[in-house]
2 protein chains.
Amino acid sequence: MYTRPLARLIEELQRLPGIGAKTAQRLALHLINRPVTEIEALAQALLEAKQTVKHCSICFNWSAEDPCEICRSPQRDPSLWCVVAEVKDLIALERTREFKGRYHVLGGLISPMNGIGVDQLHIRELVARVAQEKPRELIFAISPSVEGEVTMHVIKDFLKQVSPTLYMTRLAFGLPMGSELEYADEVTLARALEARREL
Amino acid sequence: MYTRPLARLIEELQRLPGIGAKTAQRLALHLINRPVTEIEALAQALLEAKQTVKHCSICFNWSAEDPCEICRSPQRDPSLWCVVAEVKDLIALERTREFKGRYHVLGGLISPMNGIGVDQLHIRELVARVAQEKPRELIFAISPSVEGEVTMHVIKDFLKQVSPTLYMTRLAFGLPMGSELEYADEVTLARALEARREL
């Protein structure tokens, strides 16, 4: 149906998450219609990003520089850290413009079913970093899923050993802003009630 | 928020149709995590498709060869042609496996509002091709929109001059398969009634 190089492009596009056969075909037919400069810009952006963007050796954020922009910034509080599962969570926090500390990206969550244990994540690096840099507070900004809870507690136990006085916190539970109370699940509602604040 | 090469990749991905800011970010963070061979394969597929896939000089289908696979195939009826607006329409017809003739891709539809007239489309090439090859039948597989109707009638008038006996047809109107009669719009229903067939 498609001439071979077009079929190959469709196949490659289909590997992308959330891109099915139909979307891949639409994208390929769109791309083939664009000026060659535009295609080259996309191909080059892909290659350059892959070649130059590496993990920050301190916090494991993605960065073209090492240490990353956040670890190097003198405007960031070096004693307040946020522990996140993935770089996308770091991005979500940066988007709030509320957090002015540093990060530590774990690279995932503990999940024995998927063969992800302590050694597949950047947990030992976090422990060593805490022992050396002695931050004041560590905020766990981790999803309250089974994997998230397990990961937080495993890390907490490790850190208690190297830094017994470290202040560790987690994100608050409660109603999402703009949500309807009647649609909140019971656990969320119970947690929001428990953590009620003075008005 | 994003290190520069990643920001650039996100920007390039966002140019794609149907890819918004969120999806572009998700795709970029996914891609940066993939092995370098996978990124190179995608970049190369893009460049190779753009470099090698051209319009067939006969029917204007996209092809890495000229004439295209369909124009060269001895299994296709050379006297039955289907006129389509875009290559994606040709693909849709090929998917039915019902049409065994050849094609002519116009490259769009007449749309004075968007500055697309007879000369922006492959209409003169169609007229010349009909005059020379004298097909038996021409099927217009064109969307029944205002632009589609105008385009069909303009082409019909041109072709009547060079080939007064050419048999020209258009796709049938009717209910889409699997649709609910009660939801069909009145025009479709009226056309389906008018074109009723013996059971």
Side-chain angles (χ1 to χ4, degrees), chain A residues 1-13 15-19 23 25-56 61-65 68-70 86-88 90-95 97 107, chain B residues 1-13 15-19 23 25-56 61-65 68-70 86-88 90-95 97 107:
Chain A
M1 218 125 74
Y2 290 98
T3 189
R4 207 191 48 78
L6 213 47
R8 208 189 123 212
L9 177 57
I10 291 167
E11 211 174 278
E12 289 295 332
L13 290 170
R15 290 176 192 267
L16 298 173
I19 308 286
T23 308
Q25 288 170 29
R26 193 168 46 82
L27 289 175
L29 285 174
H30 166 87
L31 285 163
I32 207 75
N33 247 330
R34 305 304 304 163
V36 68
T37 50
E38 219 176 289
I39 306 306
E40 282 169 355
L42 173 56
Q44 222 224 304
L46 276 163
L47 294 172
E48 201 195 309
K50 188 64 195 173
Q51 279 154 11
T52 63
V53 179
K54 306 284 173 203
H55 282 300
C56 167
N61 182 15
W62 288 118
S63 178
E65 293 167 73
C68 76
E69 292 84 347
I70 294 172
E86 306 273 8
V87 173
K88 62 184 175 211
L90 179 159
I91 301 286
L93 284 159
E94 284 298 285
R95 211 172 275 133
R97 297 174 189 276
Chain B
M1 218 124 76
Y2 290 99
T3 191
R4 207 191 49 77
L6 212 47
R8 208 189 124 211
L9 176 58
I10 290 167
E11 212 174 276
E12 288 296 333
L13 290 169
R15 291 175 192 267
L16 298 174
I19 307 285
T23 308
Q25 289 169 30
R26 193 168 48 80
L27 288 176
L29 286 175
H30 166 86
L31 285 163
I32 207 77
N33 247 329
R34 304 303 304 162
V36 68
T37 49
E38 219 176 289
I39 307 306
E40 282 169 355
L42 173 56
Q44 222 223 306
L46 277 163
L47 295 171
E48 201 195 308
K50 187 63 196 177
Q51 279 155 10
T52 62
V53 178
K54 308 282 173 205
H55 281 301
C56 168
N61 182 15
W62 289 116
S63 178
E65 294 166 74
C68 75
E69 291 85 345
I70 294 171
E86 306 274 7
V87 174
K88 61 184 176 211
L90 177 158
I91 301 287
L93 285 159
E94 284 297 285
R95 212 173 275 132
R97 297 174 188 275

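Only heavy atoms go into these numbers, but all of them, side chains included; no hydrogens, no water, no symmetry mates. Here the structure is a predicted model, which is why all the values come from computation and not from measurement. By convention in this document, chain letters (A, B, ...) are assigned in the order of the sequence lines, proteins followed by strands, and residues within each chain are numbered from 1.
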Report yes if the side chains of B:H55 and B:W62 come closer than 4.5 Å at any heavy-atom pair, otherwise no.
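In short, these two side chains touch, coming nearer than 4.5 Å.
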Can you name the closest pair of heavy atoms from B:C56 and B:C68 and give their distance?
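In terms of heavy atoms, the two residues are closest at SG-N, 3.3 Å.
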Looking only at heavy atoms, what is the nearest atom pair of B:E69 and A:T3, with distance?
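The pair with the smallest heavy-atom distance is OE2-OG1, 3.0 Å.
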With chain A, which of [options] has the greatest number of heavy-atom pairs at distances under 4.5 Å?
options: B:I39, B:V36, B:L13, B:L31; value: B:I39
options: B:R4, B:K50, B:E94; value: B:K50
options: B:L47, B:I91, B:L16, B:L6; value: B:I91
options: B:V87, B:L46, B:L90, B:L27; value: B:L46
options: B:A28, B:A41, B:A7, B:A64; value: B:A41

Ion pair B:R8/A:E48, N-O distance below 4.0 Å:
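Salt bridge flag = yes for A:E48 with B:R8.
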Do you know which of [options] has the most heavy-atom pairs under 4.5 Å to chain B?
options: A:T23, A:L29, A:I19, A:I10; result: A:L29
options: A:E86, A:R26, A:K88; result: A:R26
options: A:Q51, A:E11, A:E65, A:Q44; result: A:Q44

Contact origin within [X] toward chain B - heavy atom pairs under 4.5 Å:
X: A:R95; value: both
X: A:T52; value: side chain
X: A:E40; value: both

Under 4.5 Å from a heavy atom of chain A, the part of B:R15 involved
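For B:R15, backbone and side chain are both near chain A.
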Atom group of B:N61 that falls short of 4.5 Å from chain A, counting heavy atoms
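Contact with chain A is absent: no heavy atom of B:N61 under 4.5 Å.
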